[in-house]
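Notes to accompany the following structure.
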Protein chains: 2
Amino acid sequence: MNLRELSERLNLSQTTVSRALNGYPEVNEQTRARVAAAAAKFNYRPNVRARTLATGRAMAIGHIIPFSNQNEMVNVVFADFIAGAGEVYAGHGYSMSLALVRDEDELSAYRGVAEKGAVDGIIVHSPARDDPRIAVLADLDIPFLVHGRVSEVKTPYAWLDVNNTCAIATGTGHLLDLGHRRIGLINGEERLDFAQRRRDGYLAALAAAGLAPDPALMHSAEMSEPRGHSAAHRMLDLPQPPTALVASSLVLALGVRRAIEERGLRMGRDVSVLCFDDELSYLPNGTDRPQFTAMRSSVRAAGRRCAELLMGQIAEPDQPLPTELWEADLVIGASTGPCPQRDL
Amino acid sequence: MNLRELSERLNLSQTTVSRALNGYPEVNEQTRARVAAAAAKFNYRPNVRARTLATGRAMAIGHIIPFSNQNEMVNVVFADFIAGAGEVYAGHGYSMSLALVRDEDELSAYRGVAEKGAVDGIIVHSPARDDPRIAVLADLDIPFLVHGRVSEVKTPYAWLDVNNTCAIATGTGHLLDLGHRRIGLINGEERLDFAQRRRDGYLAALAAAGLAPDPALMHSAEMSEPRGHSAAHRMLDLPQPPTALVASSLVLALGVRRAIEERGLRMGRDVSVLCFDDELSYLPNGTDRPQFTAMRSSVRAAGRRCAELLMGQIAEPDQPLPTELWEADLVIGASTGPCPQRDL
DNA sequence: TCCGCCATTCAAAGCGCTTTGAAGTGATTC
DNA sequence: GAATCACTTCAAAGCGCTTTGAATGGCGGA
C-alpha cells in the first residue's frame, strides 16, 4: 500500500493525502479524518526511502566507532553513550546509524557513512590527539560533533568533553592531600586525546606538590580489567611501590583491586585507588558509599547532550559551533585513605 | 555534483555513467576509465537515498534494543554483539541502524524501524520468554533473526542461540563433581529467555544429582556488579551457606568475588564460583589461567554469525529459516576447587 | 450581478538514482 | 549488398514521496 494507491482508494490527490497525514493546515478536518481512518485501515506507512529523497533529509545521525586491528576492543563506554544519544534521537524522529570502522579504512568509511545523504550529521567517538577525521569531516561539509576534543586541531569544530585534565588533577590532589607521595597512573592509550589530558592533569597535580614524575609509575594501555591488574602488579613490585594509584577507568580499577587483594593488601588502607567513573549502567560504583573513590561524569548524559547539540546544529546551521566542557565530580568511596606511615 | 551533472560533463548518458561506476560489463573499458577519472576528480558520490529508492533495498539492518523504565541498564553484551555484526555488515556494504526502544513503545518502534523500507532486515535482542515482538515482526513481513530464542512462540522463526540449559547444567555438574552440594544460582532476570533456560539447566543438574533445589539459593535480577555482590552476601549469610555459586554473567561474578573477599574468604578455596563468560572484549577472563571457571561462548562471534545468517536470509528469502544452536565451552579457571570439608 | 477572497483540492514537477528496451555502430557472414 | 551479431550507448520510465503553483467552488460585500 503506497500513497498513490491510498489516494486512489480515497478519490483524493496524493497531495491532499500527504498533507492530511503530515498535519498541514490546508486540509479540511473532515477529509483529514477520512484519510487517517483509511491509512489506519489499510495499514499504510509512508516509505522512508522515498520520503528522505523528497525532503532531502535522511533523519538519521551517524556514529563512527573506530577500532584498530591490534586492539579490537570496543570502547567500554560506547554502549552507554549510544543509549543516551539513542533516547534523544527517538524523541525527535531521528534514527541512529552505526559504523564500526577499522583504523585503516577510516577515510573511505567516512565517505561510506557521510556518503551523500545517508545521514544528516555525525558524532565522532574516541578522538585521537591529532585525529585526521576532523579534517575529512570538515571537508565533507556535514554537521558533526566530537565526543571529546582533538588537541592538535586548531580549526573550530563542535565538541563536548569532560574536563579530563582538571578531573584527574583534582583526583590526584585528593590523594596528595591524604599524604600520598608515590602515586601511580594507570592510563588509557595516550594516543587518545582524553588519556593524554588525564596524564597532563596527573603531572600538573604532582608538579603543584613539588613532586617529580617517575616513569615507572606511569602506565598506558587499553582499558581492560587484565591490563589494570598487570599494571598494578608491576608497580607494586617496584622497590619503592606506590601507596596510591590513579586508574583512568572503573574497568581498569577492577583489575587494580584484584591485584591489590592478591597480594594480601587491602584497598583503601594499604593502597589507595582513585579512578575515573563514567557511570556505566552495568558497572555502577554505588551511590551512598561507592566502592571506589572516583571522578565521576555520566557518559550516558554526555550521549544525550551530544545528540541534542548535534540536532541543534542541524536545525540551525548558522549558529556558532557548540562546545561544552563538563566538570567531573569527586565522590569519596571506600578505596582511598590516608597514606600508611610505612617507613616511620 | 550528482549523476546528471557528471554525465553532462562527460557527454555521456546517465545510464552509461551509472553502469560504468557500478561495474556493469556493457561499458567500454576506455569509457569506464574516463568516467572513473571524472568521478574521482569531481569527488562524485552517488546519493544513497536516491539509490535505495531506485533499487528498493535499504542496504541497512536494524537492531532493536529494548530497555525498560525501571531498569535502564543497557544489556552488557550489546556492544560486543554489535561490534561483531558491524564487522560483517561493513564487509557487505550494509549499514547498521540502531533503535533503543522503551518497553512501552515497542510496537510503534517496530513500525518506526521496519517502517516501510528503512531497513532490509532486523535483529532482535534480549528476547523474553513470550516476546510479543516475534508476532509483530512476522506480521510486518520483513526478514528478522532473533539472538536467543523465544520459548513460548511455536511458529518458526530464525534464531541463533547458545545452548544455555546445557551450558549451565554442565557447569553445575562440574561443581557437583567437585563435591559441592549447596550450590547457589545468581541469575539474570528470568522473564528473559536465556535466564529461564539457564535456570532450567541448573535445576536439571541438581535433579540429576538427586538434590532438591532451595529457593534461598536462587536469585534473579538484572546483571550488574552490585547485584551480584548483594546476592552473594545474602546467600553466604544463610545458616547453611552455599559452598559454590553459579553466576549468569562475568559482571555478576565480579560482584560475587567482591562479596567473598569482603568476608575474608578466598574464592576457589572457601567458595567456588562458576560463571557464564560472553568473552566481552573489555572484560576478558584470561586465556591460559582464567580468573573464573566459566562456560564460555563469544557473543562477538555470535554477532558476526547472526549478521551472516540474516544477510543470507535477505539474499535468498525462499530458503528455510536458519536456526543455530551453539554449545558453550567449559574452561577451568582459578575460581573453583573441591568442596571444603567444613563440618567433618 | 459581479468580483474578490478564503478554504480546499489538484496536477505536475521534482528528489537522484537504476534499469528496461531500443538504437546506433562497425565488423562479420552469407 | 543485405543480414546478422556483438559491442556500446542512450532516452525514458520508474522508485514513492513532498511541494509548488494553479484551479475550483462557495461565500459575502459592493
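Each chain gets a letter, A, B and so on, in the order the sequences are listed, and its residues count up from 1. The shown structure was predicted, so the numbers you read here are calculated from the model rather than taken from an experiment. Quick note: numbers below take in every heavy atom, side chains included, and nothing from hydrogens, waters or symmetry partners.
- Going from atom CD of Glu8(B) over to atom P of dG16(C) covers 13 Å, rounded to whole Å.
- Taking side-chain N and O atoms only, Tyr24(B) has no distance below 4.0 Å to OP1 or OP2 of dT9(D).
- Of the residues Asp161(B), Asp130(B), Asp131(B), the one that meets the salt bridge (Lys or Arg N to Asp or Glu O under 4.0 Å) test with Arg149(B) is Asp161(B).
- Shown here are the side chain to side chain contact (heavy atoms under 4.5 Å, CB included) partners of Thr55(B), two or more places apart in sequence or in another chain: Arg51(B), Arg57(B).
- The pair Glu308(B)-Arg304(B) does not meet the salt-bridge criterion, since no charged nitrogen lies less than 4.0 angstrom from a carboxylate oxygen.
- Residues satisfying the side chain to side chain contact (heavy atoms under 4.5 Å, CB included) criterion with Ala90(B), sequence neighbours excluded, are absent altogether.
- Proximity of Tyr44(A) to the phosphate of dC17(D): a side-chain N or O atom is located under 4.0 Å from OP1 or OP2.
- For Ala37(A), the side chain to side chain contact (heavy atoms under 4.5 Å, CB included) criterion is met by no residue, not counting sequence neighbours.
- Every residue two or more places apart in sequence or in another chain was checked for a salt bridge (Lys or Arg N to Asp or Glu O under 4.0 Å) with Glu5(A), and none qualifies.
- In this structure, the CD atom of Glu5(B) is 11 Å from the C1' atom of dG16(C), given to the nearest Å.
- Summarising the geometry, the separation between CE on Met59(A) and P on dT18(D) is reported as 12 Å, rounded to the nearest angstrom.
- The CG-P distance, from Asn47(B) to dC15(C), rounds to 11 Å in whole Å.
- With sequence neighbours excluded, no residue forms a ring pair (Phe, Tyr, Trp, His ring centres under 6.0 Å) with Phe144(A).
- Taking a 4.0 Å limit (strictly below) on heavy-atom distances, residues 25-37 of chain A reaches DNA chain C at Glu26(A), Asn28(A), Thr31(A).
- Residues passing the side chain to side chain donor-acceptor pair (under 3.5 Å) test with Gln14(B), sequence neighbours excluded: none.
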Give me the distances for all protein-to-nucleotides 10-12 of chain D N/O pairs that come in under 3.5 Å?
{"unit_1": "dC10(D)", "atom_1": "OP2", "unit_2": "Ser13(B)", "atom_2": "N", "d": "2.8"}
{"unit_1": "dC10(D)", "atom_1": "OP2", "unit_2": "Ser13(B)", "atom_2": "OG", "d": "3.3"}
{"unit_1": "dC10(D)", "atom_1": "OP2", "unit_2": "Thr16(B)", "atom_2": "OG1", "d": "3.1"}
{"unit_1": "dC10(D)", "atom_1": "N4", "unit_2": "Arg19(B)", "atom_2": "NH1", "d": "3.2"}
{"unit_1": "dA11(D)", "atom_1": "N7", "unit_2": "Thr15(B)", "atom_2": "OG1", "d": "3.4"}
{"unit_1": "dA11(D)", "atom_1": "N6", "unit_2": "Thr15(B)", "atom_2": "OG1", "d": "2.4"}
{"unit_1": "dA12(D)", "atom_1": "N6", "unit_2": "Thr15(B)", "atom_2": "OG1", "d": "3.4"}

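- With 3.5 Å as the limit, one finds a donor-acceptor pair spanning the side chains of Ser13(B) and Thr16(B).
- Between Thr55(B) and dT18(C) there is no side-chain N or O to OP1 or OP2 distance below 4.0 Å.
- For Asp193(A), the salt bridge (Lys or Arg N to Asp or Glu O under 4.0 Å) test picks out Arg197(A), with sequence neighbours left out.
- Between the CZ atom of Arg4(A) and the P atom of dT18(D) there is a distance of 15 Å, given to the nearest Å.
- Residue Leu53(A) has its side chain nearest to dG16(C) when only dC17(C), dG16(C), dC17(D) are considered.
- Distance CG (Leu3(A)) to P (dG14(C)): 19 Å, rounded to an integer number of Å.
- Distance CG (Leu21(B)) to P (dG16(C)): 17 Å, rounded to an integer number of Å.
- The nucleotide whose nearest atom lies closest to any side-chain atom of Ala50(B) is, among dC17(D), dT19(C), dG16(C), dG16(C).
- Legend: salt bridge (charged side-chain N to carboxylate O under 4.0 Å, His left out) pairs involving residues 315-324 of chain B, not counting sequence neighbours, sorted by first then second residue: Arg305(B)-Glu324(B).
- Comparing the start and finish of the helix from dT1(C)-dA30(D) to dC30(C)-dG1(D), five pairs each, the helix axis swings through 70°, to the nearest 10 degrees.
- Under the side chain to side chain contact (heavy atoms under 4.5 Å, CB included) criterion, Phe42(B) pairs with Met1(B), Leu6(B), Arg9(B), Ala38(B), not counting sequence neighbours.
- At the phosphate of dT18(D), OP1 or OP2 sits under 4.0 Å from a side-chain N or O atom of Asn22(A).
- Rounded to an integer number of Å, the gap from Arg57(B) CZ to dC17(C) C1' is 13 Å.
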